Asker: 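Mind having a look at this structure? Questions to follow.
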2 protein chains.
Amino acid sequence: MELDERKKIILTAIIQTYLTTGEPVGSRTISKYTDLNLSSATIRNEMSDLEEMGYIMQPHTSAGRIPSDKGYRLYVDELIRQKDQEVSDIKELMIEKTDRLEKVLKQVVKILAFNTNYATMIIGPAYHQNRLKFTQLSKVNENQILAIIVAEGNLVKNHMIELKEPIDEAELLKLNLLLNTQLNGLTIGEINLNMIQQMKQQAGIHSSVISSVVDAVAEAIQIDEEDMPFYTSGTTNIFKYPELAESSKASELIFAFEEKRELVEMLMENSLEEGRSPGADIQVYIGNESSIQTMKDCSVVTASYDLGKGMKGIIGIIGPKRMDYEKVVNNLKTLKTQLDSIFRKNGKTNT
Amino acid sequence: MELDERKKIILTAIIQTYLTTGEPVGSRTISKYTDLNLSSATIRNEMSDLEEMGYIMQPHTSAGRIPSDKGYRLYVDELIRQKDQEVSDIKELMIEKTDRLEKVLKQVVKILAFNTNYATMIIGPAYHQNRLKFTQLSKVNENQILAIIVAEGNLVKNHMIELKEPIDEAELLKLNLLLNTQLNGLTIGEINLNMIQQMKQQAGIHSSVISSVVDAVAEAIQIDEEDMPFYTSGTTNIFKYPELAESSKASELIFAFEEKRELVEMLMENSLEEGRSPGADIQVYIGNESSIQTMKDCSVVTASYDLGKGMKGIIGIIGPKRMDYEKVVNNLKTLKTQLDSIFRKNGKTNT
DNA sequence: ATTAGCACTCTGGCTTAGTGAGTGCTAATA
DNA sequence: TATTAGCACTCACTAAGCCAGAGTGCTAAT
C-alpha cells in the first residue's frame with residue numbers, strides 16, 4: 001500500500017489534534033477539521049489503511065486513533081520540515097549577562113522549561129580539546145599547598161596538596177616555573193608520561209607534588225561523568241501531562257532526573273551520532289527510540305551547543321510523546337544562536 | 001480532663017500502629033495490641049476522651065482514629081524521650097574519605113535518604129565566622145587577572161577580574177602584598193570601609209582591582225542564599241507514602257525541592273531558634289508547624305551540624321507525618337557525630 | 001469502672017444498566 | 001471505481017444500587 005498525499009494530510013491532522021488534546025481522535029473529527037470535504041466514512045477507510053501501515057493505532061476497538069512511534073517519526077522527519085524556514089518568532093530568551101557559566105546554564109534550563117512546559121536538562125561544556133592556560137602553586141601553610149589550574153575558557157580548578165616534605169618559597173617558585181614552561185598550551189592528550197617523568201626528575205624530592213598537580217590537571221581538563229555539570233529544571237512539568245503523571249511513571253521519571261547518570265549517558269549519545277534529524281545537531285528520540293527504558297512513554301529532544309574554544313555541551317528536553325515538536329525545535333534553535341552570540345562577544349567564564 | 005498514664009499508653013499505641021500501617025486504627029486493635037487487658041469498649045471511651053482533648057481525630061464517623069498534629073507533638077516530645085539513651089545501633093554510615101566537601105555532602109544526603117526512606121536535603125556550611133587565610137592575584141592575560149581567595153576550612157573561591165588598565169608583574173606583586181598584609185586573618189565583619197578606602201588609596205590607579213577583590217572576598221566568606229550549596233536526595237521516596245503520592249501533592253512537594261528557595265529558608269530557621277526539641281539541635285516540625293504551606297501534610301526534621309572552625313550547616317528530612325521519628329532522630333545523631341569525627345581528623349576541604 | 005451487646009454509620013468493592021463515541025461493514029450512489 | 005449513508009456492534013466510562021466489613025456510640029448489666 002502506498003502513502004499517498006491524502007493519507008499524509010490525514011495523518012498530519014490526526015497527529016496535530018492529538019498533540020493538543022491528548023485524546024484518541026475519531027474519523028468524524030478529522031472529517032470536519034480538514035478541508036478535504038470527505039465524509040467520516042471515507043476517513044475511516046483511510047485510517048484503517050494508516051493503521052495497517054503502522055502509523056496509527058487504537059488503544060482499544062471502538063476508540064479513536066493515536067499516533068504510533070512510527071507515525072510520530074514520519075511527522076517530525078517529513079511533515080514538519082516544510083515549515084523549517086518559518087521565522088522563529090519566539091520571544092527573546094532573555095539570558096542575563098553574567099560571567100559565571102554555571103549561572104548561565106541554570107538560567108538556560110529554567111527559561112527553556114518555562115517556555116516549553118516540559119522538563120529540561122543541560123550538561124555543561126566538556127572541555128575535550130581544552131588547553132591548559134597556566135598553573136599556580138601557592139603555599140597555604142607548612143604542609144599544604146594549593147594548586148590552581150586554569151584552562152582555556154577560563155575554567156578554574158583548585159586542588160589542595162598535602163606535603164610530605166616541607167618546601168620553601170624558592171623551591172615553590174622553581175616548581176611553578178617548571179610546570180608552566182612544560183605544560184602550558186597543551187591539551188590533555190598532549191601531556192604524556194614521558195614529559196611527566198622528566199618533570200619529576202627535575203623536581204627532585206618534590207616529585208610527588210608534580211604527580212598531584214598533573215592528576216589535578218587531568219581532572220580539570222577532562223571532567224568525569226560523576227561531576228559533570230548537569231542541571232535540570234521543570235521536572236514537575238511532567239505532572240501536566242496525564243499520560244505521565246500517573247504515580248508510578250512519574251516516580252520513575254523523576255527518579256531518573258535525580259539519578260542523572262542515565263540521562264547524562266543518553267545525552268552523550270547525541271554528540272556521537274550526529275545529524276540524524278534534519279538540521280543543526282538537533283535530535284529527536286521518540287518513545288523506545290531512546291536507550292532508556294524509563295523514557296518509553298516520552299520523547300526526548302536533544303541539541304548540542306558550542307561555546308567556541310572546543311566547549312561543547314548538550315541540552316535536552318523531555319516531554320510526552322505528543323510534545324509540540326515544532327515549538328521545541330524552534331526554541332532550541334534560537335537558544336543555540338543566543339548562546340553563541342553571548343559567548344562569542346564576551347569570553348568571560350568562570351567555574 | 002486529665003491525661004493520665006493509661007491515656008498516654010493508649011495514645012502511644014495508636015500512634016505507633018498508625019506509623020506502620022498508615023490506616024486509621026480502631027479500638028479493637030488497641031485492645032488486643034496493648035497488654036492493658038481492656039475491652040474494646042473501654043478503649044473506645046478513652047479514645048473518645050483523647051479525641052475531645054485533641055490528640056487524635058477521625059477521618060469520618062465510624063472510622064478508626066488517626067493522630068492529630070498535637071498528638072504527634074506529644075509523642076515526639078514526651079513519649080519518645082525515654083528511649084533516648086538507647087544505643088543507636090544504626091549501621092555505620094560509611095562516608096568515604098574524600099577531600100571535597102561537596103562530595104561529602106552529596107554522600108550524606110544520599111545515605112540518609114537510603115537509610116530512612118524519606119526525602120533528604122542538606123545545606124553546606126555557611127562560613128559565618130570564617131577568617132580569610134590568604135589571597136592571590138594571578139595574571140591570566142593582558143586584561144584579566146584571577147583572584148584566588150582561600151578562607152579558613154580551605155574554602156577556595158575564584159574570581160575573574162577585568163582590567164581597565166594593563167598591569168605589570170611588579171604592580172601585581174605589590175597588590176598581592178597589600179591584600180595579604182591587610183586582610184589575612186580577618187572575618188568579614190572585621191573588614192570595614194575604612195580599611196578598604198586606605199587600600200584603594202595605596203593601590204592608586206588599580207584601585208578598582210581592590211574593589212573587585214574585596215567584593216569577591218565578601219562573596220567567598222558569606223555565601224548568599226542563591227548559590228548556597230544545597231543538595232537533595234530521595235525525593236522520589238515520597239511516592240512510597242500514599243498520603244503524599246497523590247499527584248497534586250507530590251507535584252507540589254517535588255516542585256518545592258526543585259525550587260529549593262523555600263526549603264533553604266525553612267532550614268535556616270533552624271539555626272535561629274535552637275533548642276526546641278530535647279537534645280542536640282534537632283528539631284521536628286509537624287504538619288502546619290513548619291512555615292511552608294506545602295508541607296502541611298509532612299513532617300520535617302532538621303539538624304544542624306558543625307564541622308568546626310565556624311562551619312555550620314543544616315540537614316533536613318521530609319516525610320509523611322507518620323514518619324519513624326525515632327529512627328530519623330537516631331540517624332541524624334549518629335550522622336552528626338560521624339561528620340564531627342571525619343572533619344576533626346583531617347581538615348581537608350576544597351570547593 | 002468496666003464490659004457486653006446492639007443499632008447505627010460510613011467506606012470500599014462489586015455488579016448492573018445506560019450512554020456516547022467510535023468503528024467496520026454493506027449496500028447504495030455519483 | 002471512489003465515496004457515502006446507514007446500521008449494528010464494541011468498548012470505556014459513569015451512575016446507581018447493594019452488600020459486607022470495620023468501627024463507633026450508647027445503654028444496660030456486671
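Chain identifiers are assigned alphabetically (A, B, ...) following the order of the sequence lines, protein sequences preceding nucleic acid strands; residue numbering begins at 1 within each chain. Worth saying up front: this structure is predicted, and the values here are computed from it rather than measured. Computed from heavy atoms alone, side chains included, the values below leave out hydrogens, waters and symmetry copies.
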Asker: Will you find, in the side chains of A/E258 and B/T235, an N or O donor that is under 3.5 Å from an N or O acceptor?
Answerer: yes

Asker: Are B/Y118 and B/I318 side-chain neighbours, meaning at least one heavy-atom pair lies under 4.5 Å?
Answerer: no

Asker: Between the protein and nucleotides 28-30 of chain C, which nitrogen or oxygen pairs are less than 3.5 angstrom apart?
Answerer:
none

Asker: Under the salt bridge (charged side-chain N to carboxylate O under 4.0 Å, His left out) definition, can you give me all pairs with a residue in residues 14-36 of chain B, not counting sequence neighbours?
Answerer: none

Asker: Nucleotide by nucleotide, 5' to 3', does protein get under 4.0 Å of the base (B), only the sugar-phosphate (S), or neither (-) in nucleotides 9-25 of chain D, counting heavy atoms?
Answerer: -BBS----------BBB

Asker: Return yes if a side-chain donor-acceptor contact under 3.5 Å exists between A/K240 and A/N237, otherwise no.
Answerer: yes

Asker: Taking atom P of C/dT2 as reference, at what distance in whole Å does atom NZ of B/K7 sit?
Answerer: 10 Å

Asker: Taking the basic N atoms (NZ, or NE/NH1/NH2) and the acidic carboxylate oxygens, is any pair closer than 4.0 Å for B/R322 and B/E243?
Answerer: yes

Asker: Is any side-chain heavy atom of A/N331 less than 4.5 Å from a side-chain heavy atom of A/I317?
Answerer: no

Asker: Near DNA chain C, which residues from residues 33-43 of chain B have a heavy atom under 4.0 Å away?
Answerer: B/N37, B/L38, B/S39, B/A41, B/T42

Asker: Centroid-to-centroid, A/F255 to B/F239, below 6.0 Å?
Answerer: no

Asker: Would you kindly say whether A/S291 and A/Y285 are connected by a side-chain donor-acceptor distance under 3.5 Å?
Answerer: no

Asker: Give the dot-bracket line for DNA chain D from 5' end to 3' end: parentheses for intra-strand Watson-Crick or G-U pairs under 3.5 Å, square brackets for crossings, | for inter-strand pairing, dots for unpaired.
Answerer: ||||||||||||||||||||||||||||||

Asker: Is the B/Y18 ring parallel, tilted or perpendicular to the B/Y72 ring (thresholds 30°, 60°)?
Answerer: tilted

Asker: Is B/R73 salt-bridged to B/E289, going by a charged N under 4.0 Å from an acidic O?
Answerer: yes

Asker: Nearest-Å distance, CD1 (B/I66) to C1' (C/dT11)?
Answerer: 15 Å

Asker: Could B/K8 and B/E78 be called an ion pair, given the rule that one side-chain N must be under 4.0 Å from one carboxylate O?
Answerer: yes

Asker: Table please: side-chain donor-acceptor pairs of residues 51-63 of chain B below 3.5 Å, with sequence neighbours left out.
Answerer:
unit_1: B/E51; atom_1: OE1; unit_2: B/R65; atom_2: NE; d: 2.8
unit_1: B/E51; atom_1: OE1; unit_2: B/R65; atom_2: NH2; d: 2.8
unit_1: B/Q58; atom_1: NE2; unit_2: B/A63; atom_2: O; d: 3.1

Asker: Can A/T120 and A/Y231 be counted as having a side-chain donor-acceptor contact under 3.5 angstrom?
Answerer: no

